[in-house]
Amino acid sequence: MATKFRKIGVLTSGGDAPGMNAAVRAVTRAALARGVEVMGIYGGYRGMIDDDMIPLTAREVSNKISLGGTFLYSDRCLEFKEEAGMQKAIATLKRHEIDGVVAIGGDGTFRGATDLAARGIPTIGIPGTIDNDITATDNTIGFNTAMTAVMENIDRLRDTCESHARCNVVEVMGRGAGDIAINTAIACGAVDAVIPEVKFDEDACIEKIIRLRREGKRNFIVVVSEGVEDCSERLAKKINNITKELSEKENNPAMWVETKFCRLAHVVRGGTPSLSDRILATKMGVRAVDELLAGNSDLIICEKAGEIVTTGIFYSQVLDRMYKGTLKEGMLEKCTEEQIAEMKAIIEEKKRVFAETYKLLCDVTA
Ligand code: F6P
C-alpha cells in the first residue's frame with residue numbers, strides 16, 4: 001500500500017441517486033480504518049472551488065446508510081469545466097493537504113475526475129446515477145431504488161386504471177437510456193414500453209390495446225423512457241383519441257380506452273436506498289479507497305457479472321460514446337485493437353440484452 005495518502009476528499013456530483021450516502025459512508029469508514037483522514041466536499045466540484053468541506057469522522061457518517069439524496073449535496077458545476085475553476089479547486093485541495101479524491105456520480109462527474117487526475121490529483125470515480133447509463137458497469141448506484149420507486153408508483157396507477165378501465169402512459173427518467181423503462185415495464189405488467197434502444201411500432205401497440213380491450217382487458221400501462229423524444233404525451237392522446245373514435249363508430253362505449261398521461265420525474269430519484277444499492281455502494285466505496293491507496297487513479301469502479309472491477313475512465317468514456325454513436329475524432333486512435341474489439345462486443349451484448357428484454361415484455365402481454 002502506498003504510504004503517501006494522509007487525507008482524501010469525497011464528493012457527490014451530478015443528479016443525486018439513492019445510495020450515494022451509503023457510498024460516502026463506505027469511503028469514509030474504509031479510509032479511516034486504513035489510517036487516512038477524509039474530507040467531505042459539499043456540492044460536488046463546486047465545494048472544491050469554494051472551499052466548502054468538512055472533516056468526516058466515523059460518527060459523522062452514522063445513520064446515513066438509509067438516507068436518500070446526498071448529505072454532501074450535489075451540483076452540476078460549470079465553472080469546474082474551465083481551467084481557471086479547476087486550478088482554484090486544485091489549490092483548495094492542496095491547502096487542505098488532500099492527496100486524492102473519490103468522486104461519486106455519472107459521466108459528467110467522471111469527466112471532472114479525469115481532469116483532476118490529469119493535473120496530478122489521484123481520483124477514482126464511483127458510478128452513482130439512477131439512469132444506469134455507464135456502459136462499463138452492469139449496475140450504477142441508485143438504479144435499483146429508482147426502478148423500485150417507479151414500480152410502486154405504477155402499481156398505484158394500475159389500481160385506478162383498473163377501477164376506471166383506463167390506460168396510463170407513464171414517462172420515466174433515464175436520460176438517453178431505457179434501462180429503467182424496460183425493466184419496470186416488465187415488473188409492472190405493462191402492455192408495452194417505448195425505449196430509445198428498440199424500434200417502437202406505435203400502430204402495433206395501439207392495435208394490441210384495442211384487441212385486448214375487445215377481449216375484456218380493463219387496465220393498460222405503457223411505460224415510456226424520457227429519452228424517446230416527443231412520445232409520451234402524444235402517445236397518450238393518440239391512444240385516447242383513436243379508441244374514442246372507434247367507440248363512437250361502433251357505438252360501443254367500452255371500446256374507448258380513456259388514456260391519462262403521467263410523468264413520474266424526480267419523484268423516483270428520492271427515497272431510502274434499496275438493499276442492493278446499499279450493498280453495491282458499500283462494495284464500491286471500499287474498493288475505491290483501496291484503489292486510491294494502492295496508487296491507482298483515473299479509474300471507475302464497476303460491477304461486472306457480480307464482481308467489483310475497475311475500468312479506466314477514458315476507456316469508459318470511449319465505450320459510452322461508441323455505444324451512443326457520439327465518438328469524437330481521434331478517440332479510437334488512443335485505444336488498442338483489443339480494446340476496440342472488446343468495446344464492440346460489449347455494445348453488441350448490450351443491444352442483444354435490450355432486444356431480448358423487450359421480447360420478454362411482449363411475450364407476457366396478453
Ligand atoms: O441523470 C439523472 C437524471 O435524473 C436523469 O434521469 C434526468 O434526465 C436528469 O437527471 C434530470 O436532471 P435535473 O435533476 O437537473 O432536472
Side-chain angles (χ1 to χ4, degrees), residues 11-24 42-47 67-81 103-113 125-154 169-185 187 193-197 223-233 261-274 277 280-281 284 300 302 313 316-317 319-321 323-324 326 354:
L11 62 85
T12 53
S13 160
D16 64 348
M20 280 182 160
N21 287 325
V24 172
Y42 281 121
Y45 294 106
R46 161 68 44 210
L67 289 186
T70 160
F71 79 98
L72 287 180
Y73 313 133
S74 195
D75 193 8
R76 294 190 170 103
C77 179
L78 295 179
E79 196 182 343
F80 187 76
K81 289 187 173 166
I104 307 164
D107 56 352
T109 307
F110 301 150
R111 273 197 296 278
I126 294 181
T129 163
I130 63 163
D131 301 334
N132 207 39
D133 61 349
I134 307 296
T135 318
T137 184
D138 291 346
N139 285 297
T140 56
I141 297 167
F143 172 50
N144 180 270
T145 308
M147 285 195 294
T148 306
V150 168
M151 184 181 75
E152 287 168 0
N153 278 282
I154 294 182
V169 175
V170 189
E171 185 187 287
V172 300
M173 277 190 168
R175 213 178 278 278
D179 300 55
I180 294 178
I182 191 65
N183 287 295
T184 55
V194 194
I195 56 172
E197 295 83 356
V223 183
V224 180
S225 162
E226 67 173 358
V228 182
E229 272 173 40
D230 183 34
C231 179
S232 45
E233 276 188 273
F261 164 71
C262 175
R263 178 174 290 129
L264 292 177
H266 295 81
V267 152
V268 304
R269 219 166 77 182
T272 187
S274 67
D277 275 330
L280 184 65
M284 288 183 162
I300 57 169
C302 297
I313 294 184
S316 145
Q317 284 170 336
L319 179 60
D320 275 341
R321 286 183 166 272
Y323 178 61
K324 291 175 193 153
T326 56
F354 266 111

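Order of listing sets the numbers, starting from 1, for every ligand and every atom in it.
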At the 4.0 Å heavy-atom cut-off, does Gly106 count as touching ligand 1? no
Would you say that Val223 contacts Val194 through its side chain, given a criterion of any heavy-atom pair below 4.5 Å between the two side chains? no
Please tell me if the side chains of Phe143 and Asp131 come closer than 4.5 Å, counting only heavy atoms from C-beta onward. no
Tell me, which protein residue and heavy-atom name are nearest [atom], and how many Å apart are they?
atom	answer
atom 4 (O) of ligand 1	Arg269 NH1, 2.7 Å
atom 9 (C) of ligand 1	Arg175 NH2, 3.6 Å
atom 12 (O) of ligand 1	Arg76 NH1, 3.5 Å

If the cut-off is 4.0 Å to any non-hydrogen atom of [X], which atoms of ligand 1 fall inside it?
X	result
Glu226	5 (C), 6 (O), 7 (C), 8 (O)
Asp131	1 (O), 2 (C), 3 (C), 5 (C), 6 (O)
His266	13 (P), 14 (O), 16 (O)

Does the side chain to side chain donor-acceptor pair (under 3.5 Å) test come out yes or no for Thr70 and Asp16, once each step is laid out? CA-CA 6 Å; Thr70 160; Asp16 64 348; over 6 Å; no
Mind checking whether Met173 has an N or O less than 3.5 Å away from an N or O of ligand 1? no
Asn21 side chain vs Leu67 backbone, donor-acceptor pair below 3.5 Å: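 Between the backbone of Leu67 and the side chain of Asn21 there is a qualifying donor-acceptor contact (under 3.5 Å).
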Whether Glu233 and Arg263 form a salt bridge (side-chain N of Lys/Arg under 4.0 Å from carboxylate O of Asp/Glu) is what I want to check.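 A salt bridge links Arg263 with Glu233.
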Lys/Arg N to Asp/Glu carboxylate O, Arg46 vs Glu79, below 4.0 Å: yes
